[in-house]
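Inspection log for the structure reproduced underneath, given as C-alpha cells.
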Amino acid sequence: MKITEIQSHILQYDLPEELGYSQQYYAQRTAHLVEVSTDEGITGWGECFGPGPIAVANKGIVEGVIAPMIVGMDPIERDVIWHKVYNLMRDHGQKGMPMQSLSGVDIALWDIAGKFMGQPIYNLLGGAHRRCVPAYGYGMMLKRESLADHVARFADEASAILGMGFKATKMKTGLGPIADIQLCKTVAKAVEGKGLFMVDANHCYTTSDAFYVGRALDEMGAYWFEEPVAPEDLSGYRELRAGLKTNISGGEAEFGRWGWRNILENRGLDIAQPEVCALGGITEYQRVLALCHAHFTPVINHVWGSAIAVVTNLHLLAAMPPLPGGLNPWEPMLEFDTTHNSFRDDLLTEPLNIQDQVANNRGRVNIPNGPGLGVEPDRDFIKAFKFL
C-alpha cells in the first residue's frame with residue numbers, strides 16, 4: 001500500500017456569539033482536517049491543532065512540505081514516516097506549527113492502519129483498559145462585559161454544565177487577579193456538593209499573581225489550576241506546585257518527547273495535559289505518555305477541535321494504563337467544550353452525540369469500536385464549511 005495524496009481541509013464558520021479567554025476574543029470556529037489517501041482506496045483522517053491563520057499556515061506545511069516527503073511511502077510504516085518528517089524539519093522548528101502539521105498527518109496514518117487491519121486504534125495501542133470514560137465540561141468563557149455580568153453568567157453556566165451530567169466543570173480566568181478570585185468564588189459556590197471545578201488561566205499570570213490566585217483556590221477546593229504561568233516558565237511551575245495545595249496542570253503548549261522530558265524532570269506538574277493534535281500525533285503521544293507515567297504523573301489530555309480530535313482522544317483514553325493501578329484506580333477524563341461547535345457535533349456521518357451520552361450514561365462517554373478511528377466525516381458537510 002502506498003500514500004497517493006495528502007489534503008488539508010480548513011473549515012470555518014461564524015460563532016453565534018463572540019467568546020474569549022485570557023489571550024484574545026474570537027468570533028469564528030476553525031478546524032483543520034487532514035485527509036491521507038492510498039492506492040488501495042483506504043483513506044485516513046487526522047486533525048492539526050491551531051485556529052484561524054495558524055491553520056492556514058499549517059495547511060502550507062502539510063501540503064507543501066510534508067506531502068512531498070512521504071507520498072509513495074507505505075502508510076503502515078508510521079514510525080519511519082514520523083522520524084523522516086521530523087528529522088527533515090528539525091532545522092526549521094522542533095516545536096510549534098511543524099509539529100502541529102505532523103500531528104494531523106500522523107493521526108490519519110493510524111486511522112489507515114486501523115482500517116487496513118480491521119481494528120480500532122485502541123487495539124493497535126494494546127487494548128482498552130476501559131470501554132467508556134467520564135467527561136468534564138468546560139465553558140464560562142470571557143466576554144466584553146462587566147465583572148458583575150461575568151459573575152452572574154458564570155454562576156448559571158457552572159450549574160448548567162453539571163446539570164447536563166458532566167462530572168466536573170472548568171472555567172476561564174483572565175480579568176485580573178482580584179476579579180478572577182471573585183469569579184472563582186462564584187463558581188465554587190455554584191458547584192458546592194455537586195461536582196469538581198477547575199480553573200484555566202491560559203498562562204496569563206506572573207508567578208506572584210498566580211500564587212495570589214492559587215492561594216485563594218486552595219481555600220475554595222479547586223481540583224486543578226491550569227496553565228497558571230507561561231509554558232516557558234518551568235521554575236514558576238515548580239514553585240507553584242511546591243507552594244500550593246491545588247493541583248497544577250499544564251502542557252498543552254509543549255511539543256514532543258524532548259520538551260516533555262524537561263517539564264517532567266522539573267517536577268512542576270501534578271497533572272499533565274498533552275495535546276495529541278499538536279505534539280506530534282499518536283506516535284509521539286505514546287512516548288510522552290510513557291514519560292509521564294515513568295514520572296508517576298497522571299494524564300488528562302487537552303482536547304480542542306472537531307469530532308476527529310475528540311474521537312482520537314477517546315481511543316487514547318481507552319488505551320491509557322491505570323496509574324498507579326488497584327481496585328479503584330485514578331481515572332482520566334475527556335475534556336469537552338460546551339460552547340457552540342458544529343465541527344464536533346455535525347461533522348460525522350454518524351454523530352458522537354456526546355451530550356446525550358453524558359446525560360444518559362452517568363456522565364460517561366463510550367469509546368467507538370469501528371476500524372481505525374471508527375468514524376467518517378461527511379464530505380458534503382466539509383464542502384459546505386470549507387474555508388480553504
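Small disclaimer: the values here were computed from a predicted structure and weren't measured.
Closest of all the heavy-atom pairs between V299 and C292 is CG2-CB, 3.6 Å. Considering all non-hydrogen atoms of both residues, T173 and S22 come closest at O-CB, 3.4 Å. Closest approach of D111 and W45 over heavy atoms only: OD2-N, 3.0 Å. Smallest separation of non-hydrogen atoms from L347 and S306: CD2-OG, 3.8 Å.
Below 30°, between 30° and 60°, or above 60°: for W82 and Y86 the angle between ring planes is below 30°, a parallel geometry. Ring-plane geometry between F166 and F336 is classed as parallel, the angle between the planes falling under 30 degrees on a 0 to 90 degree scale with a further cut at 60.
Geometrically, K143 does not engage Y25 in a cation-pi contact, judged by NZ or CZ lying under 6.0 Å from the ring centre and within 45° of the ring axis. Cation-pi geometry between R241 and W224 is not met: the NZ or CZ atom fails to fall both under 6.0 Å from the ring centre and inside 45° of the normal.
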*asked:* Assess the residue pair N361 and R364 against the criterion (side-chain hydrogen bond (donor to acceptor under 3.5 Å, both in side chains)); give the C-alpha distance rounded to whole Å, side-chain angles, the decisive distance to 0.1 Å, and a yes or no.
replied: CA-CA 5 Å; N361 194 26; R364 304 180 77 88; over 6 Å; no

*Would Y285 and W260 count as a ring pair (Phe, Tyr, Trp, His ring centres under 6.0 Å) if you check the C-alpha gap in whole Å, the side-chain angles of each, and the deciding distance to 0.1 Å?*
CA-CA 10 Å; Y285 171 92; W260 271 97; 9.3 Å; no

*Would you sort out whether F343 and F385 count as a ring pair (Phe, Tyr, Trp, His ring centres under 6.0 Å), showing the intermediate values?*
CA-CA 9 Å; F343 299 146; F385 286 90; 5.7 Å; yes

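Within 6.0 Å of atom CD in Q28, more than 12 heavy atoms from other residues, nucleotides or ligands are found, so the atom counts as buried in its surroundings. The local environment of CD in E265 is crowded, with over 12 non-hydrogen atoms from other residues, nucleotides or ligands closer than 6.0 Å. Heavy atoms from other residues, nucleotides or ligands lying under 6.0 Å from NZ of K189 number 12 at most. Counting heavy-atom neighbours within 6.0 Å of F387 CZ, excluding the residue itself, gives a total of 12 or less.
With respect to K59 and E63, a salt bridge is recorded, a charged nitrogen being found less than 4.0 Å from a carboxylate O. Looking at E40 and K2, no side-chain N of the basic residue comes within less than 4.0 Å of a carboxylate O on the acidic one, giving no salt bridge. We find that R287 and D79 are joined by a salt bridge, their nearest charged nitrogen and carboxylate oxygen being less than 4.0 Å apart.
Atom-to-atom distance recorded for S101:OG and I6:CD1 is 11.0 Å, nearest 0.5 angstrom. Between the CE atom in M89 and the NZ atom in K84 there is a gap of 12.0 Å [rounded to 0.5 Å].
I3 pairs in a side-chain contact (heavy atoms from CB on, under 4.5 Å) with only one of the listed residues (D74, D39, L109, V105), which is L109.
Not a single salt bridge (Lys or Arg N to Asp or Glu O under 4.0 Å) links K167 to another residue, sequence neighbours left out.
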